[in-house]
Amino acid sequence: MLFTASSWLLEHLTILLRVSWIVGIGAILIASIPLRPFASFHRLVMGFARRGKLMNYSSASRPRFSVPQSYFLHFYLVGVIWTMFLLVCTLFFACTTTLPLSSESLRYSSVASQLAGSADSLSFAKPSSTLVKHTQQAWKTVFLLLMMEAQVLRRLYETVYVFNYSSSARMHVLGFYLAAPLSMCSLCVPEVYSYIITQAVHSVLRQRARITDIELKFLEYGNSLLKLGWWQWTGALVFMWGWIHQLRCHKILGSLRTGNQEETNEYAIPYGDWFEIVSCPHYLAEIVIYAGILIASGASDLTVWLLFGYVVANLTFAATEMHKWYLHKFDSYPRYRWSIIPFVC
């Protein structure tokens, strides 16, 4: 029963992720319509987007389904572990399918596939062209997950060492750092899952038959990453551009709350870096980061496009409210700043 349910979930994973992102984007777009009939829906969606100063400013009472913003530590810790799990599984698949197996290992892999019930999924008995295609996709996915892991690791570091959250700062309990890395590898998750199960059975058979394990050749694996196309390396450069600026902007925000301010709701106007252009440069940097991931994916996967669309819609929606908060809070706030995207909004 459990195996059947997991098989169904894997088979429809891409569809489920795409539907989820479409629903999220649609809800934000509807909530953004500046008409009175949509006002209540706007407040509902804003309840999920609010955090920190916006949540304190918008509600005198403690919002439902919210947790202290310091819980970002747990949020990103789970994100790091989950992304690392997907990365290790995909990397194992990519590494062990990069090099050809001996005829004896191939025979045991075929037997293991049949015992694991995955003969119709990816196995070494498939044509070499199919295996090469899946392997290439796996290495691209490894590249994307490495980028995502760098992002969540940095956010975890910032939560511990950069930000000083006040005791009253809160955030909604929901987040999307679990679905985001899964969206990046949705095209190869069924093959990776099938392969991991197959290899588990294969390992038992290999131990019984006393077959030597596959020799790891790290130089070959490094070459596989270096052979990735210009889409991947261009995306990595865009990713690093956003990554560096988001770190700078977060340090600026973190420096505003020092000493006695940590336990108060006093706020100051941030200056420096992209803050000279927009009110929420850390959100703009996040968009740039996911634009880099989109480019690195080859910009051919609809799931990653929808993930990027959700990031843009969600952060633009939140940034607009944040910009209004700044204007309301500070009479001297720079009026030339845009909300999030220069010359657009």
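When reading the values below, keep in mind they use all heavy atoms of this one structure, side chains included, and skip hydrogens, waters and symmetry mates.
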Next on the checklist: Quick one, V142 with F93, criterion side-chain contact (heavy atoms from CB on, under 4.5 Å). Give me CA distance, side-chain angles, the key distance, then yes/no.
Outcome noted: CA-CA 10 Å; V142 167; F93 169 82; over 6 Å; no
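- Under the rule for a ring pair (Phe, Tyr, Trp, His ring centres under 6.0 Å), the partners of Y161 that lie at least two apart in sequence or sit in another chain are Y157.
- Taking CZ of F239 as the start and CD of Q232 as the end, the distance is 14.5 Å to the nearest 0.5 Å.
- W231 contributes no side-chain N or O that, together with a main-chain N or O of S297, makes up a donor-acceptor pair within less than 3.5 Å.
- Using a 4.5 Å cut-off on side-chain heavy atoms (C-beta onward), Q151 and Y76 make no contact.
- Between L294 and Y290, every side-chain heavy-atom pair lies at or beyond the 4.5 Å cut-off.
- For the residue pair T83 and G79, the shortest heavy atom distance occurs at OG1-O, 2.8 Å.
- Side chains of S332 and I269 form a contact here, defined as non-hydrogen atoms less than 4.5 Å apart.
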Item to check | Stepwise side-chain contact (heavy atoms from CB on, under 4.5 Å) test for L306 and Y310 | outcome: CA-CA 6 Å; L306 291 173; Y310 175 80; over 6 Å; no
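- Side-chain contact between S32 and V45 is absent, with no heavy atoms from C-beta onward closer than 4.5 Å.
- Annotation for F85: atom CZ does not count as buried by contact number, only 12 or fewer foreign heavy atoms lying within 6.0 Å.
- We find the CG-CG distance between L146 and L87 to be 5.0 Å, quoted to the nearest 0.5 Å.
- In terms of heavy atoms, A27 sits closest to F41 at O-CE2, 3.2 Å.
- A distance of 10.0 Å separates CD of Q137 from OG1 of T90, quoted to the nearest 0.5 Å.
- In this pair, F143 and W233 present their aromatic rings perpendicular. The plane angle is above 60°, beyond the 30 to 60° band.
- Summarising the local packing, CH2 of W305 is surrounded by 12 or fewer heavy atoms from other residues, nucleotides or ligands at distances under 6.0 Å.
- By the 4.5 Å heavy-atom criterion applied to side chains, V288 and H245 are not counted as neighbours.
- No path of Ile, Leu, Val, Met, Phe, Trp and Tyr side chains, each step under 4.5 Å between heavy atoms, connects I30 with V23, placing them in separate hydrophobic clusters.
- The side-chain heavy atoms of I293 and F308, taken from C-beta on, include no pair separated by under 4.5 Å.
- Residues L315 and C280 fail the side-chain proximity criterion, which asks for heavy atoms closer than 4.5 Å.
- Between the CG atom of L327 and the CE atom of M322 there is a distance of 12.0 Å, given to the nearest 0.5 Å.
- When each of K251, H282, E286 is tested with Q246 by the rule side chain to side chain donor-acceptor pair (under 3.5 Å), just one qualifies, namely E286.
- The aromatic rings of W274 and W241 sit perpendicular, their planes meeting at an angle over 60°, well past the 30° parallel limit.
- Under the 4.5 Å side-chain criterion, counting only non-hydrogen atoms from C-beta, F317 is in contact with H42.
- Here the CG-CD1 distance, from L29 to I22, works out to 11.5 Å after rounding to the nearest 0.5 Å.
- Y326 approaches P270 most closely through the heavy-atom pair OH-CG, 3.7 Å.
- Rounded to the nearest 0.5 Å, atoms CZ (F275) and CG (L253) are 3.5 Å apart.
- Between the W243 side chain and the R154 main chain, no donor and acceptor come within less than 3.5 Å of each other.
- The number of heavy atoms from other shown groups lying within 6.0 Å of CZ (F343) does not exceed 12.
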